[in-house]
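Just follow the structure's listing: the first ligand is 1, and inside any ligand the first atom is 1. This is a predicted model, so every value here is computed, not measured.
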Amino acid sequence: MPGTWLLGSEVAQDGDRDGDGGPDGARAVLLGLRDGGRGAVDPLDELERLADTDGVAVVGRLVQPRDRPDPATYLGSGKVAELADLVRDRDAGLVIADGELSPAQVRNLEERLGARVVDRTALILDIFAQHARSSEGKAQVELAQLAYQLPRLTGHGVEMSRVGGGRTAGGAGIGVRGPGEQQLESRRRHLRRRMTLLRRQVQDTARRRERTRLRRRRNRVPAVALTGYTNAGKSALLNRLAGADVLVQDALFATLDPTVRRTRTPDGRPYTLTDTVGFVRHLPHQLVDAFRSTLEEVVDADLVLHVVDASAADAMGQVTAVRGVLYEIGARDHPELLALNKVDVAPAGWLAALRSAYPDAVPVSALTGEGVEGLRRAIGERLG
Ligand SMILES: Nc1nc2c(ncn2[C@@H]2O[C@H](COP(=O)(O)OP(=O)(O)OP(=O)(O)O)[C@@H](O)[C@H]2O)c(=O)[nH]1
Ligand SMILES: [Mg+2]
C-alpha cells in the first residue's frame with residue numbers, strides 16, 4: 001500500500017541481525033518530556049505498549065524534564081548528545097518521540113543521531129496500517145497517513161532540491177524553481193489526488209452503512225455502540241453479550257472495522273450491538289478525520305456502552321480520554337453506560353475507587369462471565 005511504513009517489519013527485511021534465526025524487529029529508544037513529574041503513570045509505558053504492538057523492540061528510554069519541547073531538536077542540546085550515546089550503545093536504528101515532532105525536529109534529530117526518528121502519531125498510524133483488514137479500513141488508514149505526510153513533504157523537499165540543484169549546477173540561480181521543488185509540487189499534487197480518490201471510496205461505504213442504520217431505525221431496533229480505550233475488552237464483551245466470534249487480542253487497536261450483531265435484552269427486546277475502533281490518549285486527529293464514517297456508528301447510537309479496563313493503572317485517565325474523543329466526534333450528550341471490565345484481575349482497591357467515582361457503572365468480566373447478566377439487565381433498563 002503506498003504511504004505505508006511498517007516500522008517493525010521493514011527492518012525485519014534487513015535480515016537476521018541477532019542470529020537467532022527469527023526475524024528482527026526494529027530496535028528503538030523511546031523519548032519523552034516530563035512536565036514537573038506530574039501523574040503516577042509513566043507516559044512512556046503506553047508508548048512502549050504501542051511500540052510492542054507494532055513489532056518494535058524497545059531497548060532504551062530517555063526522559064527530559066522540561067515544559068516545552070525545543071523547537072529545533074525537541075530535547076535540549078545536551079540531552080541530544082546523551083541520546084546519541086544511548087542510541088549507539090543500544091544499537092538502535094529507531095527513535096520514537098512521545099509527542100508530535102515537526103519536520104525540522106525530525107531532520108535535525110536524524111542528523112545528530114544517525115537513526116530514524118518518528119513520533120507517536122507515526123507509530124499509531126503504523127499500527128493501524130498493520131491491522132487494517134477491510135478495503136474500507138485500508139482506505140481510511142491510507143487517508144490518515146497521507147494527511148500526516150502531506151505537510152511533512154517539505155523536509156524531503158529540501159533534500160530533493162539539493163540533489164536537483166547539484167544536477168543543474170550553474171543553470172538555476174537563486175529564486176529559480178529548481179527541479180527539486182517541481183518534483184515536490186508534483187508529489188504533493190499526486191498525494192492530494194490520491195486523497196480525493198480515497199475519500200470518495202470511504203464515503204461510498206459510509207453511505208451503504210448509513211442506509212443499513214436507517215433501516216434498523218425504521219424497524220425500531222435500538223442501537224448500542226461499544227466504545228472505550230483500546231484493549232479495554234470491547235470485542236470480548238461483544239462476544240459475551242451477542243455470542244459473536246470477533247478477534248480478541250492483547251494488542252492495541254486489534255479492531256478497526258465495525259462489527260454489528262443483533263441480540264436481545266433479558267425480557268426479549270432486540271437491539272444491535274456494535275464493536276468499533278478503540279481510542280487512545282491524543283488519538284491522532286488525522287485518524288479521527290479518516291475514521292469519521294466508522295465512528296458514525298457511535299454517534300448514531302441510542303446508547304454508548306463505554307467499556308473501562310478496571311485493571312489499568314490509569315483507568316480514570318482513560319475514561320477522560322475516551323470522553324474527550326466522544327465529544328470531538330459529536331457524541332456529546334449521548335446516554336452512556338459504563339462497564340468496569342476485567343474485574344477478575346482488577347486490584348480490589350482500584351475497583352473500589354472506580355465504583356465510588358462512577359456509582360452507576362456495572363462491574364463485569366468478559367473473560368469469566370461474572371456480572372454479564374447484570375450488564376444485560378442494565379442495558380435493557382437504559383434502552384427503556
Ligand atoms: N482478565 C481479563 N482479560 C480480559 C477481559 N476482557 C478482555 N480481556 C483481555 O483483554 C485483551 C483485549 O481484549 P479485546 O476484547 O481485544 O479489547 P478491545 O477493547 O476490543 O481492544 P481493541 O480492539 O484493540 O481496541 C485481550 O487479551 C482479552 O483477552 C476480562 O474481563 N478479564
Ligand atoms: Mg477490539
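Where the criterion is an N or O separation shorter than 3.5 Å, residue side chain and backbone included, A366 meets it with respect to ligand 1. By the 3.5 Å distance cut-off applied to N or O atoms, T255 is counted among the residues near ligand 1. Inclusion of L367 in the set of residues having an N or O under 3.5 Å from an N or O of ligand 1 is warranted. For ligand 1, one of its N or O atoms has an N or O atom of G233 under 3.5 Å away.
With a 4.0 Å cut-off on non-hydrogen atoms, A251 touches ligand 1 through its backbone and not its side chain. Residue contacts with ligand 1 for K342 involve both N, CA, C or O and side-chain atoms from C-beta outward (heavy atoms, distance under 4.0 Å). If you look at T230 next to ligand 1, the close heavy atoms, those under 4.0 Å, come from the backbone and the side chain alike. Proximity of V345 to ligand 1, defined as any heavy-atom pair under 4.0 Å, is confined to the side chain (atoms from C-beta onward).
For atom 11 (C) of ligand 1, the closest heavy atom belonging to the protein is N231 OD1, 3.5 Å. For atom 6 (N) of ligand 1, the closest heavy atom belonging to the protein is N341 ND2, 3.1 Å. When only non-hydrogen protein atoms are considered, atom 19 (O) of ligand 1 lies nearest to K234 NZ, 2.7 Å. For atom 32 (N) of ligand 1, the closest non-hydrogen atom on the protein side is D344 OD1, 2.7 Å. Counting only heavy atoms of the protein, atom 24 (O) of ligand 1 lies nearest to A254 N, 2.7 Å.
Rounded to the nearest 0.5 angstrom, L337 CG and E381 CD are separated by 9.5 Å.
At least one heavy atom of A232 sits closer than 4.0 Å to an atom of ligand 1.
Taking every non-hydrogen atom of A236 and a distance limit under 4.0 Å, the qualifying atoms of ligand 1 come out as 6 (N), 7 (C), 15 (O). The atoms of ligand 1 that sit less than 4.0 Å from any heavy atom of F253 are 24 (O). For ligand 1, the atoms lying closer than 4.0 Å to a non-hydrogen atom of V248 are 13 (O), 14 (P), 15 (O), 16 (O), 26 (C), 28 (C), 29 (O). Using a 4.0 Å cut-off to heavy atoms of Q249, the atoms of ligand 1 that qualify are 11 (C), 12 (C), 16 (O), 26 (C), 27 (O).
Looking at T255 and Q249, their side chains never bring a donor and an acceptor atom within 3.5 Å of each other. Side-chain polar atoms of Y74 and D98 form no donor-acceptor pair below 3.5 angstrom. With no hydrogens or angles considered, no side-chain donor-acceptor pair links D309 and Q318 at under 3.5 Å. T294 and Q140 share a side-chain donor-acceptor pair at under 3.5 Å. In this structure, a donor-acceptor pair under 3.5 Å is present between the side chains of D257 and S134.
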Would D275 and S235 count as a side chain to side chain donor-acceptor pair (under 3.5 Å) here? Give the steps. CA-CA 6 Å; D275 180 27; S235 300; 2.6 Å; yes
Start with the C-alpha distance between Y229 and D314, add both sets of side-chain angles, then the distance that settles side chain to side chain donor-acceptor pair (under 3.5 Å), and finish with yes or no. CA-CA 11 Å; Y229 212 75; D314 185 31; over 6 Å; no
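Taking both residues in full, the closest heavy atoms of L50 and I127 are given as O-CD1, 3.3 Å, listed atom of the first, atom of the second, then distance. Scanning both residues, L94 and A115, for their nearest heavy atoms gives N-CB, 4.2 Å.
A salt bridge links R120 with E46: the closest approach of a Lys/Arg side-chain nitrogen to an acidic carboxylate oxygen falls below 4.0 angstrom. Between R152 and E100, at least one side-chain nitrogen of the basic residue sits less than 4.0 Å from a carboxylate oxygen of the acidic one, meeting the salt-bridge criterion.
Residue contact annotation: T255 places an N/O/S atom under 2.8 Å from the Mg ion (ligand 2). Metal site remark for the Mg ion (ligand 2): S235 contributes an N, O or S atom at a distance under 2.8 Å.
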